[in-house]
Amino acid sequence: MITSLDELDAAGRRFYPDMLFAFTDTVSQAMDADPRVAVVLADISTPEFGAAAARHPDRVVNVGIREQLMIGTACGIALTGLRPVVHTIASFLTQRPYEQIKLLGHQGAAVVLVGYGASYDITEQGRTHFAPEDVALFGTLPGWTIHVPGHPDEAQRLLLDALRTDERVYVRLSARANADAHPTGGFQVLRQGRKGTVLTVGPTLDAVLRATAELDVTVLYASTVRPFDEVSLRTAVLAADHPDVVLVEPYLVGTSTHHVNRTLVHVPHRLLELGVGRDAELHAYGTPEDHDRAHGLDGKSIAAAVRRFLR
Amino acid sequence: MKASEALGYDDLPALVGRLTGDERHESSSSSTLDVLWVLYDQVLNVSPDTADSPDRDRFLLSKGHGPMAYYSVLAAKGFIEPELLDGWARFDSPLGHEPDRVLVPGVEMSAGSLGHGLPLGVGTVLGLRAQERRQPRVVVLVGDGELDEGSNHEAIALAGRLGLEQLTAVVIDNSTATHGWPGGIDRRFAVEGWEALTVDGCDHTALRGALTAAHPNRPLAVVARIASNTAEGKQA
């Protein structure tokens, strides 16, 4: 029997078809291994936590469709010494109860927030179910760790990391994933080149790899964006012929720009920001791929933008 | 004056006066003073020595503004030194016009924004229950004006439905809610499954009786009525 999160982490991987499955199964197992882990839900993903709730009825709480209460409840649970995991669709998790999230810091309480739906996974529901603002919002609050996994296996590792700390953590799950998992932690060097550095976050990786396949650039991959791995970015930028940086984020364009600028404060540099557009409210349904094209986040658009930018 | 268990109810006006600068203590008759005194003197199982014990009773002051009575009771009961009261709300004082749990021993909740105490109380009870701690009580003080915030009603509904016996809401009712609560505040709790009592908020015997009333398998709401001409009569 597994009796700690470390043992669970060492026990090896299961195959997960998507991040949501990776999340619910990993946290359900973690509840068996660690009596501090609790789950707070608001009528989303309750069937997936049904078995865990049957085994641990006092540690799985569904508050109903009450997102303010969901965060407040998790805060209270955390203040008793437990490690609550709070989950619903990202827009309802991060924006309706934003003051409650802000006040977690005021109370000195730490929880793990796990949002699903990323910027626009649930496109057929339209704008209310989109959350491209989420990472920027957490960026206004000190002390939050922000994970943006690009693969179900990364999601599992990052969740276990989150459960082992007592930090405030936001995990941004997406229906969209890259073909392969990569090491988590700091920014990973996936390709090395001379003409510039492309920093790509989470599920944008595969489109970036396709877009830059013929280009002589370094590709850095981030599944954790806060803390921001300044050392890896600066090292990559200084190793290239030109201090030209392309930042590709699956949420609001330019969300991490101030971190890039702080990283390169002594390096005159150029920066191309790609991400979800801020300038217009896009009222459209369709598929996530349609929205990628609308925001210039498909492989073809990224390739064209990067070619125009590089010297 | 040193922090001491020996300080009593009659010492509170002098302590409040150190905060208000009101040497005649006229403003010490705040809406919360009597409730707070009864709670800390006769109801809550918590002391400076057990302020970090996992089995302590928790008191969450959700309605954090006008905390003079609260700080005075904490000083009278030895949680903070009475000397701290003199420099309150200065940059380096742990005591501000809204309490901060990170700064003050014995303060269980950082307050200021209204409507957060009851959700925190629900979570605290659930966290205690998950650890088989069925004895500690969690008492949340809210104002009748504060009940305007919808987050309270999310918590009232869930606490009633889950039968959170360890949770008590004390509603200071000084009739400040702009649009009022026709039919009574207590009924809004009762209909959600709470044991709900209304008492005179200045009557120590009645307050003690209500706050210690049996309420098996349901949360308890005590509505403390305050005559509206008291000094804090117009605070939520």
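Throughout, protein chains are lettered first and strands after them, A, B, ... in sequence-line order, and every chain is numbered starting at 1. Hydrogens, waters and symmetry mates play no part in the numbers below; they use all other heavy atoms, side chains included.
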*Atom of G108(A), atom of V102(B) and distance for their closest heavy-atom approach*: N-CG2, 4.2 Å
*Does atom CD of E281(A) have more than 12 heavy-atom neighbours from other groups under 6.0 Å away?*
yes
*Using 4.0 Å as the upper bound for N to carboxylate O, is an ion pair formed by D58(A) and R134(B)?*
yes
*With only heavy atoms counted, which part of V61(A) is less than 4.5 Å from chain B, the side chain, the backbone, both or neither?*
side chain
*Hey, what do you get for CD (E154(B)) to CD (E67(A)), rounding to the nearest 0.5 Å?*
7.5 Å
*asked:* Under 3.5 Å, is there a donor on one side chain and an acceptor on the other for H116(B) and E99(A)?
replied: yes
*Closest approach of L82(A) and A130(B), non-hydrogen atoms and distance?*
CD1-CB, 3.8 Å
*asked:* For R96(A), I'd like to know if atom CZ has over 12 heavy atoms of other residues, nucleotides or ligands within 6.0 Å.
replied: no
_Would you say CG of L103(B) has more than 12 non-hydrogen atoms from neighbouring residues, nucleotides or ligands within 6.0 angstrom?_
yes
*Check whether any side-chain N or O of S110(B) sits under 3.5 Å from a backbone N or O of H106(A) as a donor-acceptor pair, and report yes or no.*
yes
*asked:* Tell me whether R187(B) at atom CZ has more than 12 heavy atoms from other residues, nucleotides or ligands lying less than 6.0 Å away.
replied: no
*Looking only at heavy atoms, what is the nearest atom pair of I77(A) and G127(B), with distance?*
CG1-N, 3.9 Å
_Q42(B) atom CD, neighbour heavy-atom count above 12 within 6.0 Å_ = yes
*asked:* So S151(B) and Q100(A), do their side chains get closer than 4.5 Å, heavy atoms only?
replied: yes
*Identify the heavy atoms of L103(A) and S113(B) that sit nearest to each other, and give their distance.*
CD1-CB, 4.1 Å
*Using the side-chain contact (heavy atoms from CB on, under 4.5 Å) rule, pick out the option among E108(B), M109(B), R101(B) that qualifies with L79(A).*
R101(B)
*Specify which of R129(B), R58(B), Q131(B) makes the most heavy-atom pairs with chain A at under 4.5 Å.*
Q131(B)
*Between CE of M70(A) and CG of L158(B), what distance do you get to the nearest 0.5 Å?*
12.5 Å
*asked:* Please evaluate residues T73(A) and L126(B) with respect to the criterion side-chain contact (heavy atoms from CB on, under 4.5 Å), reporting the C-alpha separation (whole Å), side-chain torsions for both, the decisive distance (0.1 Å), and the verdict.
replied: CA-CA 8 Å; T73(A) 294; L126(B) 290 170; 3.8 Å; yes
